[in-house]
Colleague: 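Next up is a structure, given as structure tokens.
In the text below, chain A, chain B and the rest are named by the order of the sequence lines, each starting its count at 1.
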Number of protein chains: 2
Amino acid sequence: MVEDIVKSLGFLCLGSRLRRIGERLQADTQQIMEELGVSLQAAQYPFLAALDRAGPLTVGELAQAVGIAQPGATRTVSQLLEMDYVDIRTSPEDQRRRLVSLTSKGQELVDYSRQSVWPRVEQAVAELCDDFSGPILQHLANIEDGLAAMPLAKRANPNKERKS
Amino acid sequence: MVEDIVKSLGFLCLGSRLRRIGERLQADTQQIMEELGVSLQAAQYPFLAALDRAGPLTVGELAQAVGIAQPGATRTVSQLLEMDYVDIRTSPEDQRRRLVSLTSKGQELVDYSRQSVWPRVEQAVAELCDDFSGPILQHLANIEDGLAAMPLAKRANPNKERKS
DNA sequence: GGTTTTTATATAACATGATATATAACGTGT
DNA sequence: ACACGTTATATATCATGTTATATAAAAACC
């Protein structure tokens, strides 16, 4: 058996590690979804949830809402459009904006998911995390807030005041 | 300003969230590396570290060591070979195995990195994480151990004993 | 009011993970 | 010893993120 170097290196490889854990969680979530008959990628769920919660949103607002870059949102929206879960119309006041909203099929999927899928996933993840004491979500929030306040590159820089 | 739905959904979107945090960390690490003149992708570092620590390794052992699937290891090894950081030779006892080892250029990069790059990255990440009390690494270890012991799909399943 | 800058979205190319499958070498069982 | 199963690696394709850049609409500025 070979040593897990990413684990051994600890903080040095935290990025790789979070990423691989996240991929694992998404893949497992995907499996739960398939077992419950939802034909959707796990990464597309947050888009539907955001639309359900916040009404019609533009592509850019969706990108913000799910926390990814705009081109990723454009792509996912196209896929959801293709699958007929969302509807797109150009904003009348500003023809650059494209307003994305749930179709009735999309709303049905959300309703079903909220009832049958999400509680199960949430419970499973919570069970996975809750065994141990400290609140991991607080940790992650702190990490994200910390990154927003000062990127690693700045933290790594000896003279922290002025940077490129 | 739009609500961060992934953050709001908490455990439900933990996968997406870890992934995006990991990507952010990797990107920031990449920037630190560039500032220090290292022409390497952040994700390739664990491979060099593993080789440095555990001597020549096969492709499969490397995949295990860095915690990814074998095709990913094959690709990264090819890239490192291209950049002349590693050397590959077929194992004499078993011609299926390909033994990967650091070249002198690779070893130099590791030595330089251990001295100048890794401590900085590690310190930056540790500073990012250490402000708050609980040990996040323990959390992540628990998450990974927990996933290994029982995948989410099983945890989500009402009758947990027997599953597909 | 026409030119320039900004903003919103789309597209292209890449990074890095995954799975599924092909191929070739090894080992085994009759 | 040969057929067959196993194992190690490679290849193909996909998922999902990124950055850089193109395009078109809106806003701002003489």
Colleague: Which of residues 83-94 of chain B sit near DNA chain D, with a heavy atom under 4.0 Å from it?
Modeller: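 Close to the strand, none.
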
Colleague: Which residue is it: D4(A), L9(A), I5(A)? I am looking for the one with a side-chain contact (heavy atoms from CB on, under 4.5 Å) to V66(B).
Modeller: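 Result for side-chain contact (heavy atoms from CB on, under 4.5 Å) with V66(B): I5(A).
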
Colleague: Return the CG to CG distance between L80(A) and D87(A), rounded to the nearest 0.5 Å.
Modeller: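 So the gap between those two atoms works out to 12.0 Å.
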
Colleague: Going by atom types alone, do D111(A) and Q115(A) pair a side-chain donor with an acceptor below 3.5 Å?
Modeller: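 The criterion, which ignores hydrogens and geometry beyond distance, is not satisfied for Q115(A) and D111(A).
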
Colleague: Could you write nucleotides 14-23 of chain C as a row of B, S and -, 5' to 3', where a protein heavy atom under 4.0 Å of any base atom gives B, of only sugar-phosphate atoms gives S, and otherwise -?
Modeller: -SBBSBB---

Colleague: Just how far, in rounded Å, is C1' of dA8(C) from CD of Q64(A)?
Modeller: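 It is 12 Å, rounded to the nearest whole Å.
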
Colleague: Between S113(A) and Y45(A), do the side chains contain a donor N or O and an acceptor N or O under 3.5 Å apart?
Modeller: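 There is such a pair between these side chains.
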
Colleague: Just to be sure I understand the rule, does T58(B) reach a base, reach only the sugar-phosphate, or reach nothing, if contact means heavy atoms closer than 4.0 Å?
Modeller: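 Counting heavy atoms under 4.0 Å across all strands, the contact made by T58(B) is with sugar-phosphate only.
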
Colleague: Can you tell me if the side-chain N/O atoms of R96(A) get under 4.0 Å from OP1 or OP2 in dA26(D)?
Modeller: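 No, because none of the side-chain N or O atoms of R96(A) sits under 4.0 Å from OP1 or OP2 of dA26(D).
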
Colleague: With sequence neighbours left out, which residue pairs that include part of residues 51-63 of chain B fulfil the salt bridge (charged side-chain N to carboxylate O under 4.0 Å, His left out) condition?
Modeller: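 Those involving residues 51-63 of chain B are E3(A)-R53(B), D52(B)-R114(B).
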
Colleague: If I take atom CG from residue L18(B) and atom CG from residue L18(A), how far apart are they, to the nearest 0.5 angstrom?
Modeller: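 Answer rounded to 0.5 Å: 5.5 Å.
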
Colleague: Looking only at atom types and distance, does a side-chain atom of T58(A) sit under 3.5 Å from a main-chain N or O of L99(A), one as donor and one as acceptor?
Modeller: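 No; judged by distance alone, with no hydrogens or angles, the pair does not exist.
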
Colleague: Could you verify whether a donor N or O on one side chain and an acceptor N or O on the other, from T74(B) and Q70(B), lie under 3.5 Å apart?
Modeller: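 Yes, Q70(B) and T74(B) have a side-chain donor paired with an acceptor closer than 3.5 Å.
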
Colleague: For L18(B) and dG17(D), what is the distance between atoms CG and C1' respectively, to the nearest whole Å?
Modeller: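 Spelled out: CG on L18(B) to C1' on dG17(D) is 15 Å.
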
